[in-house]
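Below: one structure in structure tokens.
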Amino acid sequence: MAYDPTMNKPAAEGGTLRTPVIVDCDTGIDDSLALLYAVASSDCEVVAVTCTAGNVDVRQVAENTRCVLELAGRPDIEVAIGRETPLARKLVTTPETHGHGGIGYAELPPARMPLSPRFGPDLIVEEARRHPGELTLVTLAPLTNVALAVLREPELPRLLRRVVIMGGSYRSPGNTAPTTEWNVNVDPEAARIVFEAFGGEGSNARWSERPARPIALGLDVTERAKLLPEHLARLAALAGCEPDGSIRSGGSSAGSAVNPIVRYLADALRFYMEFHSRYDHFYGAFVHDPLALATALDPTLVRTEAVTVEVELGGRLTTGETVTDWRRVWGRPPNLDVAVEADVDRFFDRFIERVGKLAAERS
Ligand code: BDR
Ligand code: CA
């Protein structure tokens with residue numbers, strides 16, 4: 001395993017203060033940006049990545065995930081495949097948002113790194129047991145794998161240090177149906193299992209043993225993270241190339257044709273920006289998943305409110321809605337820390353600096 005437990009400790013104790021994370025994703029354009037951000041962050045150690053069916057089918061998710069990790073120079077990271085379908089519904093993918101292959105107009109060489117022999121939900125449970133109280137789980141996809149993991153190991157919430165979820169729309173409209181967000185909409189049964197298991201008291205738990213509530217980033221905050229062409233231009237400049245990835249003549253990398261990471265970003269994001277231009281009326285892209293990943297490394301990027309949330313399963317129009325008790329009319333303990341504000345400027349500065357530096361190094 002790549003994960004070294006000393007990394008969780010301060011330097012004075014022999015550690016390096018890196019946050020060890022397991023990323024569960026359905027790569028996906030914005031998922032791929034989150035993976036690049038994770039690899040580019042010196043305060044992050046990616047322990048493993050688990051793949052969930054969502055934006056594309058799960059085999060394609062695993063292929064995209066490995067291609068992006070190889071692009072980032074990290075073919076050593078374990079990538080495990082999860083369940084092929086949501087718990088109770090047919091999988092509906094989203095080629096109009098992410099392209100048929102899931103990474104927009106980008107083309108990457110076929111993945112060479114092997115797939116893990118482990119099943120994604122088993123990997124989550126096994127790593128959490130191996131490093132109790134240390135790992136952060138970041139979910140950027142439908143919650144299918146995490147639901148299976150917690151059904152297998154009900155103690156999972158206490159075994160993890162923190163859970164950060166991209167999913168839901170708590171005060172804002174949905175992006176899939178009028179009141180539902182994509183990740184929850186794809187597998188609402190899984191979301192309900194996870195929200196209950198991670199936010200509940202658990203049968204034997206004393207109050208002090210209750211796990212930290214998951215931090216949930218819904219569209220309320222992730223749609224404030226609008227990546228614009230000027231952000232990409234700043235990142236490319238840091239990497240010493242043009243926004244399409246071509247190397248500036250006279251730069252240190254002159255002679256090579258392109259910067260592969262910037263070229264990838266340009267091609268993937270062109271598709272994503274065209275989609276947003278059609279559906280959301282601006283030429284740019286919401287980068288939901290990178291904001292969630294960045295929050296897992298630094299929760300001060302968001303301000304949260306503790307609220308009680310249930311997932312609607314039986315609605316005629318509202319199945320998948322994250323019904324949120326803002327006025328505490330249910331009188332029940334909160335089960336999620338929902339993000340209500342995000343420092344998106346600070347997030348974009350970090351994204352550009354970190355991924356730009358990685359791109360320069362991989363030029
Ligand atoms: C979520 O849906 C997916 O298409 C994105 O990757 C993100 O995780 C936003 O609703
Ligand atoms: Ca995603």
Side-chain angles (χ1 to χ4, degrees), residues 23-32 34 49-65 80-103 119-121 124 137-151 163-170 172-198 214 216-220 222-223 272 275 279 286-289 292-293 309-324 336:
V23 182
D24 186 85
C25 55
D26 60 338
T27 321
I29 295 171
D30 61 328
D31 303 77
S32 73
V49 181
T50 52
C51 301
T52 292
N55 290 321
V56 284
D57 72 70
V58 77
R59 296 268 149 201
Q60 189 65 43
V61 170
E63 173 71 10
N64 294 347
T65 301
I81 211 157
R83 187 179 154 109
E84 304 213 349
T85 56
L87 296 185
R89 294 168 199 263
K90 196 168 163 291
L91 175 66
V92 181
T93 58
T94 181
E96 70 286 357
T97 313
H98 297 269
H100 284 286
I103 51 173
F119 180 51
I124 294 171
L137 175 64
V138 194
T139 76
L140 311 176
L143 286 158
T144 318
N145 281 342
V146 187
L148 289 175
V150 77
L151 289 174
V163 177
V164 178
I165 296 170
M166 192 284 125
S169 51
Y170 300 90
S172 74
N175 62 358
T176 306
T179 61
T180 67
E181 180 278 332
W182 168 261
N183 287 337
V184 177
N185 190 79
V186 170
D187 197 343
E189 283 76 14
R192 179 187 264 194
I193 289 169
V194 170
F195 288 6
E196 280 184 4
F198 281 79
L217 283 84
L219 302 177
D220 319 63
T222 64
E223 289 196 347
Y272 212 28
F275 164 81
Y279 290 90
F286 298 134
V287 284
H288 313 274
D289 294 343
L293 197 298
V309 180
E310 283 230 20
V311 180
E312 176 63 271
L313 295 184
R316 188 171 65 84
L317 303 170
T318 54
T319 298
E321 182 177 325
T322 40
V323 181
T324 307
L336 287 185

Partners of Arg59 by side chain to side chain donor-acceptor pair (under 3.5 Å), sequence neighbours excluded?
none

Provide the closest heavy-atom pair for Gly28 versus Asn55 in the form atom of the first, atom of the second, distance.
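Closest approach of Gly28 to Asn55: CA-ND2, 3.6 Å.
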
Looking only at non-hydrogen atoms, find the nearest pair between Thr222 and Phe286 and report the distance.
O-CB, 4.2 Å

So if I apply the side chain to side chain contact (heavy atoms under 4.5 Å, CB included) rule between Glu181 and each of His288, Glu321, Met166, which one comes out positive?
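Between Glu181 and the candidates, side chain to side chain contact (heavy atoms under 4.5 Å, CB included) is satisfied uniquely by Met166.
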
Tell me every residue that passes salt bridge (charged side-chain N to carboxylate O under 4.0 Å, His left out) with Arg83, counting only those two or more places apart in sequence or in another chain.
none

Residues that Val56 engages under side chain to side chain contact (heavy atoms under 4.5 Å, CB included), provided they are two or more places apart
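Val56 satisfies side chain to side chain contact (heavy atoms under 4.5 Å, CB included) with Gln60, Val61, Asn64 only.
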
Side-chain contact, heavy-atom cut-off 4.5 Å: Cys25 with Val49?
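The answer is yes; the side chains approach within 4.5 Å.
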
Contacts of Glu310 meeting salt bridge (charged side-chain N to carboxylate O under 4.0 Å, His left out) (sequence neighbours excluded), chain-then-number -> Arg192, Arg332

Non-neighbouring partners of Asp289 that pass side chain to side chain donor-acceptor pair (under 3.5 Å), sequence neighbours left out
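With neighbours one apart ignored, the set is empty.
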
Looking only at heavy atoms, what is the nearest atom pair of Asp26 and Asn183, with distance?
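Closest approach of Asp26 to Asn183: OD2-OD1, 4.2 Å.
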
Among residues at least two apart in sequence or on other chains, which ones pass side chain to side chain contact (heavy atoms under 4.5 Å, CB included) with Val92?
none

So, Glu189 side chain and Ala191 main chain: donor-acceptor pair closer than 3.5 Å or not?
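No, the answer is negative, given that no donor and acceptor are paired below the 3.5 Å cut-off.
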
By side chain to side chain contact (heavy atoms under 4.5 Å, CB included), which residues pair with Ala190, not counting sequence neighbours?
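Counting only residues at least two positions away or on another chain, Ala190 forms a side chain to side chain contact (heavy atoms under 4.5 Å, CB included) with Leu87, Leu143, Ala147, Asp187.
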
In chain order, what residues pass the side chain to side chain contact (heavy atoms under 4.5 Å, CB included) check against Pro95, with sequence neighbours excluded?
Thr93, His100

Run the side chain to side chain donor-acceptor pair (under 3.5 Å) test against Asp24 and tell me which residues pass, sequence neighbours left out.
Thr50, Thr52, Asn145

List the atom of Glu96, the atom of Tyr279, and the distance in Å for their closest heavy-atom pair.
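Looking at all heavy atoms of both residues, the closest pair is CG-OH, 4.3 Å.
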
On a heavy-atom basis, which atom in Gly82 and which in Pro121 lie closest, and how many Å separate them?
CA-CD, 4.1 Å

Going by salt bridge (charged side-chain N to carboxylate O under 4.0 Å, His left out), name the residues that satisfy it together with Glu63, two or more places apart in sequence or in a different chain.
Arg66

Under 3.5 Å, side chain of Asn185 to main-chain N/O of Thr180, donor-acceptor pair present?
no

In chain order, what residues pass the side chain to side chain donor-acceptor pair (under 3.5 Å) check against Glu84, with sequence neighbours excluded?
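Not a single residue meets the side chain to side chain donor-acceptor pair (under 3.5 Å) criterion with Glu84.
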
Work out which heavy atom in Val150 is nearest to a heavy atom in Ala197; give both atom names and the distance.
CG2-CB, 3.6 Å

With sequence neighbours left out, the residues meeting ring pair (Phe, Tyr, Trp, His ring centres under 6.0 Å) with Tyr272 are His98, His276

